[in-house]
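Just so it is clear, the structure is predicted and the values come from calculations on it, not from any experiment. Just so it is clear, the values below take in all heavy atoms, side chains as well, and ignore hydrogens, waters and symmetry mates.
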Amino acid sequence: MRYRSRVTAPAAALIGTAAALTLAPTAHATPAHHGTPGPETLGDPVFPDLGNDGYRVSAYHLDFAYDATTGLVDATATLRIRTTRALTRLSLDALGLDVHAVRVDGRTATCEQVAEKLRITPAGTLPAGARVTVCVEYSADPRRELAHTGWVDTPDGFAVCCQPDSAHTVFPCNDHPSDKADFTFRLTVPDGLRGVATGLLVRTEILDGGRTAYTYRSREPMATELVQITVGDYVVKDRQGPHGLPLRDVVPVTRAEALEPALALTPGLVAWLETRLGAYPFETYGLLPCNSDNPQAFDFTGLETQTLTLYKPNFLLQEEKKIGSHMMHELVHSYFGNSVSPATWADLWLNEGHADFYGLLYRYERGWADSLGLTTMEARMKDTYAKGDQWRHDSGPVAAPDATNLFDSQRYLGGVLVLYALRRFVGEDTFHAIERVFLAAAHARPPRLGGHAGEPVPGRPAQPAGRAPPRQLGDALTSQSCRAAACPPCTASSPPTRCCGIAVVPWRGPCCRDTVRVGAGIRMPSSRYRLCRRLMNSCLIRYWSLNSPTPRMIVKPIRESPKVWKRTSGSCSGTAPVISVITSATTSQVTRSTWSRSLS
């Protein structure tokens, strides 16, 4: 899985303006025959056409100017990239953008639009490892009809809703969550309108001609699909959250009073979630009920754009028991999806499964019935379990979606069932420890080359130097922060190893002496360390009958492989659960007291 640690730089050292980017050191061209065009893919199993593997983006600066008379946006996107190989050509994902000019390190480059790629040919070959600035001047019409779009047209401006693959209809980019980058935004709007973007406001400029420019900076790296940029007749309402967290909501002026009861729920939601997952991971949070009554304005009820969740305003006008669980769902994405992001879109179930899991917990704790009239997690999981085989038939395994079923129930409630089964097996205390370790491990990654410690946020603890925010879900449990320890040697008759609190058998051969401490009281052989990640990410899903007093399980691996998948069932006495572990080499069944191993 692709993994990049990044701690954002102070504003002066990062990209306060597009000029700061343009003045960066340039790469020296080499003869063209020494390079190749960058591969126009990042190999995503769901969206294979997204991205370019010839470079990684370290920073975007987006400069938007909105004309209220025409409804058009004139924009400049400035990207700082680092090449991964010598390139004669690179491409950015782009669709529906009228490109006027492209420059690479200040020199004019040729470009052509091919399908959803903007192919850019610089004046000379870009060497491998070069730090390069790419500047694209373009214009866009938020009302333009496209095959898919990230624009949300409103009567007084626009917002954006880019998930999963439409950020490149708003700005040219390497449009994949594995390539997170730093972002700054400069939004120029006419008087009477307000421009707001992800992150915190760092500068306001009063310009000639009755215009104002607002500059925002995101403290943490961000995936392109999570960007929020909005212009409208807004008021920004500030309030304080737990532990001094600054909260800010961006609300249509005419709806501000009516929406206040919903907005006032946020501090309590944050406090509830912090007791389970730890401190909120970003510099601010809030809601953006964009100024549109169109039920088709975007496909989601709400969308977790980073630090500023997008909502349809009419949804938030309902009573608390009808909106609280969904508001929790979107807030959970700040941890799972935004702070820690999927390496590929096949891992979406980890985002949505966690968001639904905690959203349902929050609902049932308050006695609110769900859409099925159920009031307990156990009852909902029994219903989900009963539907599981049909969902699997229709939509495939939980972690094997395609572009047409990416956001169906299998990714949401199917993901909840995985987490519920895990919690049932290891116990609630161990489950919460796993969740915190899972999130915290990624924080211990060293910063990317050239990174700096994040700036302190007023009222919030400063982030220590050398500590990066969580990046990809798949790598969180293989963090180098874990410490090696020693344990007695294992034999073939030894009990199973504890992997994140889950009993598992050796991947291959006998246990080894070296262990890794994953969490409090949890150790595992280091040679099996990656299995811990695979249990959470892609290895298996355990179901057992919730109606039977004697547990009985059917192994259903999350990612199905004809070579290794085996449908097995088993039972055990009393309440000791049976767990099957499927890897590329073995299929094993384990009880609390005995285990056996057989080659597949």
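From Leu310, atom CG reaches atom SG of Cys290 across 5.0 Å, with rounding to the nearest 0.5 Å. Once rounded to the nearest 0.5 Å, the distance linking CG of Leu288 with OG1 of Thr309 reads 9.0 Å. Atom CG in Asn52 sits 6.0 Å away from atom NZ in Lys117 (nearest 0.5 Å). Here the CG atom belonging to Leu422 is positioned 11.5 Å from the CG atom belonging to Leu417, to the nearest 0.5 angstrom.
Proximity of Pro342 to Asn351: side-chain heavy atoms (C-beta onward) are separated by under 4.5 Å at one or more points. For the pair Phe298/Leu303, no side-chain contact is recorded, criterion being any heavy-atom separation below 4.5 Å from C-beta on. Counting only heavy atoms from C-beta outward, the side chains of Leu263 and Lys237 approach each other to under 4.5 Å. Leu439 places a side-chain heavy atom less than 4.5 Å from the side chain of Phe336.
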Query raised in the report: Under the side chain to side chain donor-acceptor pair (under 3.5 Å) criterion, do Glu304 and Gln163 qualify, and how do the steps go?
Result: CA-CA 9 Å; Glu304 64 275 12; Gln163 192 183 77; 2.9 Å; yes

**Report entry** Residues Ser341, Lys180; criterion side chain to side chain donor-acceptor pair (under 3.5 Å); working and verdict
**Finding:** CA-CA 9 Å; Ser341 299; Lys180 284 185 170 180; 2.6 Å; yes

**Report entry** Worked verdict on His176 versus Glu225 for side chain to side chain donor-acceptor pair (under 3.5 Å)
**Finding:** CA-CA 7 Å; His176 194 269; Glu225 52 114 358; over 6 Å; no

Report task. Apply side chain to side chain donor-acceptor pair (under 3.5 Å) to the pair Glu435 and Tyr358, showing each step before the final yes or no. Result -> CA-CA 12 Å; Glu435 293 282 86; Tyr358 287 101; 2.8 Å; yes

**Report entry** From CA spacing to verdict: side-chain contact (heavy atoms from CB on, under 4.5 Å), Phe315, Ile323
**Finding:** CA-CA 7 Å; Phe315 174 80; Ile323 63 175; 3.7 Å; yes

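In the model, Arg248 has a side-chain atom that pairs as donor or acceptor with a side-chain atom of Thr307 under 3.5 Å. Inspection of the His333 and Glu352 side chains reveals an N or O donor paired with an N or O acceptor under 3.5 Å. Inspection of the Glu378 and Tyr364 side chains reveals no N or O donor paired with an N or O acceptor under 3.5 Å.
Annotation: salt bridge (charged side-chain N to carboxylate O under 4.0 Å, His left out) contacts of Glu365 (sequence neighbours excluded): Arg276. In this view, Phe357 and Phe431 satisfy the ring pair (Phe, Tyr, Trp, His ring centres under 6.0 Å) rule, not counting sequence neighbours.
Between His61 and Phe185, the ring center distance fails the sub-6.0 Å criterion. Aromatic ring centres of His354 and His329 lie farther apart than the 6.0 Å criterion allows.
Ring geometry for Trp272 versus Tyr362: interplanar angle over 60°, hence perpendicular rather than tilted (30 to 60°).
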Distance-only check: which donor-acceptor pairs under 3.5 Å involve side-chain atoms of residues 397-407, not counting sequence neighbours?
from, atom 1, to, atom 2, distance (Å)
Asp402, OD1, Thr404, N, 2.9
Asp402, OD1, Thr404, OG1, 2.6
Asp402, OD1, Asn405, N, 3.0
Asp402, OD1, Asn405, ND2, 3.3
Asn405, OD1, Asp402, N, 2.9
Asn405, OD1, Arg411, NH2, 3.0

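The 12-atom threshold is not exceeded at CG of Asp299, counting heavy atoms of other residues, nucleotides or ligands nearer than 6.0 Å.
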